[in-house]
Amino acid sequence: MRILLTNDDGIEADGLACLERIARTLSDDVWVCAPAVEQSGKGRGITLTEPMRVHRFGDKRFAVTGTPTDCVVLAVNDLMPKRPDLVLSGVNRGANVGEDVSYSGTVAGALQGMAMGIRSIALSQSLERFHDEVIAHYETAEAFAPGIIQRLMEAGWSDNVVMNLNFPNLPPDLVKAVEVTSQGFRDLAEMHAIRRTDLRGRDYYWMGFRAGEQSPAEGTDLRAIAEGKISVTPLHIDLTHHQTVYDLKKVLGGAPPKLKA
């Protein structure tokens, strides 16, 4: 099995080294194509207005001056001699659950693999908080990911779906369960911007997250991680709300309506 690895934390990230160790338990044909610098929060962004450079670090290892999506496109179309059988994206430093999946570069790397007809899995390791001194329990992802990936590959899944794996902020010996979940939604928005002033007196903003108490619903990725479980969530790109489509068909269709007087 030929495996392509990418991430959004960059080519030098500890999580990518962890992912390489995971991949090598499954295959000896492992390729790496990751961003040259961190691309967290870039979602499915692609680079359209500037050229990209590829730096080679061996026969099967590349860094790209672009996003995770760029990396998968370049690797599959140009850098690899044959298409991969599996794309693994991560292991992200921090969970990608709830609303995170819509702007996660880690999930985006997997979505691009799926869009190109390749089985794809995103992997993320939860953190206590996003501070540089906090060390992620990558040993937890490394301990459990190989068996989960193998089971998923044996079972198979729909072509238009990616698997989103999240590992709890616990050492391996305290993790007792894995749960198949749905995407949850937080009670309160955590994202906010802090205004600061530079040395020339101009305002600038730094985006970040507020920690807060949540009460996620049963069966969601948020709840599973809060309970110390491994979360496995099938995701897809289709953002259509089908119930609303059904409801709107009762009031819209045929000739366009005119403004009432």
Side-chain angles (χ1 to χ4, degrees), residues 6 8 39-46 48 67-70 72-73 76 85-90 92 94-124 126 148-149 151-168 177-191 209 212 214-227 229-260:
T6 194
D8 70 357
Q39 299 287 312
S40 295
K42 296 299 178 66
R44 297 202 70 216
I46 56 175
L48 296 175
T67 67
T69 300
D70 295 329
V72 174
V73 171
V76 175
D85 304 295
L86 175 66
V87 171
L88 299 178
S89 184
N92 191 66
N96 278 303
V97 291
E99 301 93 318
D100 303 344
V101 302
S102 63
Y103 48 76
S104 164
T106 301
V107 174
L111 287 172
Q112 185 57 40
M114 180 271 288
M116 301 178 81
I118 304 163
R119 297 275 189 224
S120 299
I121 301 173
L123 302 93
S124 301
S126 299
I148 294 173
I149 293 170
R151 180 71 61 85
L152 288 171
M153 294 296 287
E154 290 171 352
W157 63 87
S158 298
D159 292 341
N160 63 343
V161 168
V162 301
M163 293 296 168
N164 186 34
L165 275 56
N166 281 273
F167 298 89
V178 57
E179 182 179 354
V180 178
T181 61
S182 59
Q183 179 190 346
F185 292 91
R186 294 179 176 87
D187 300 329
L188 300 171
E190 295 181 330
M191 189 181 299
F209 296 87
Q214 305 286 337
S215 55
E218 289 279 357
T220 64
D221 49 9
L222 289 163
R223 184 62 170 265
I225 290 300
E227 294 178 346
K229 299 176 183 177
I230 300 167
S231 170
V232 179
T233 313
L235 300 175
H236 62 130
I237 296 177
D238 182 7
L239 300 178
T240 307
H241 190 267
H242 293 281
Q243 180 59 50
T244 302
V245 170
Y246 175 79
D247 293 340
L248 285 176
K249 283 182 179 292
K250 300 173 184 177
V251 297
L252 282 176
K258 295 183 179 180
L259 181 66
K260 296 178 181 179

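Predicted model, so just to flag it, every value in this text is computed and none were measured.
Judged purely by atom type and a 3.5 angstrom limit, Arg119 uses its side chain to pair as donor or acceptor with the backbone of Trp157. Between the side chain of Glu99 and the backbone N or O of Arg186 there is at least one donor-acceptor pair closer than 3.5 Å. Checking side-chain atoms of Thr6 against main-chain N and O of Ser89 turns up no donor-acceptor pair under 3.5 Å. At least one donor-acceptor pair under 3.5 Å links the side chain of Ser104 to the backbone N or O of Val107. Side-chain N or O atoms of Ser126 include one that pairs as donor or acceptor with a backbone N or O of Phe167 at under 3.5 Å. Of the possible polar contacts, none joining the Asn96 side chain to the Asn164 backbone as a donor-acceptor pair under 3.5 Å is found.
The OG atom of Ser182 sits 10.5 Å away from the CD atom of Glu218 when rounded to the nearest 0.5 Å. Considering CD1 of Ile121 and CD1 of Ile148, their distance stands at 9.5 Å, rounded to 0.5 Å. The NZ atom of Lys249 lies 11.5 Å from the CG atom of Asp247; values are rounded to the nearest 0.5 Å. Between atom NZ of residue Lys42 and atom OG1 of residue Thr69 there is a gap of 11.0 Å, rounded to the nearest 0.5 Å. For the atom pair OG of Ser231 and CE of Met163, the computed distance is 11.5 Å after rounding to the nearest 0.5 Å. Atom OG1 in Thr106 sits 12.0 Å away from atom CG in Leu165 (nearest 0.5 Å).
Heavy-atom minimum distance, Arg44 versus Ala115: NH2-CB, 4.3 Å. Among all heavy-atom pairs drawn from Arg223 and Ala217, the shortest one is CB-O, 3.2 Å. Listed here is the closest heavy atom pair of Glu179 and Ala224: OE1-CB, 3.9 Å. What you find for Leu252 and Pro257 is that their closest heavy atoms are CD2-CG, 4.0 Å. In terms of heavy-atom proximity, Val180 sits nearest to Pro234 at CG1-CD, 4.4 Å. Listed here is the closest heavy atom pair of Ala108 and Gly43: CB-O, 2.9 Å.
If you check the side chains of Thr181 and Asp221, you find no donor sitting under 3.5 Å from an acceptor.
Within the 4.5 Å cutoff, the side chain of Leu111 has no heavy atoms near those of the Ser120 side chain. Proximity of Thr233 to Val101: side-chain heavy atoms (C-beta onward) are nowhere separated by under 4.5 Å. At least one side-chain heavy atom of Asp8 sits less than 4.5 Å from a side-chain heavy atom of Asn92. Within the 4.5 Å cutoff, side-chain heavy atoms of Ile118 are placed close to those of Val76. The side-chain heavy atoms of Gln112 and Val162, taken from C-beta on, include no pair separated by under 4.5 Å.
Among His241, His242, His236, the one residue that satisfies the side chain to side chain donor-acceptor pair (under 3.5 Å) test with Asp238 is His242.
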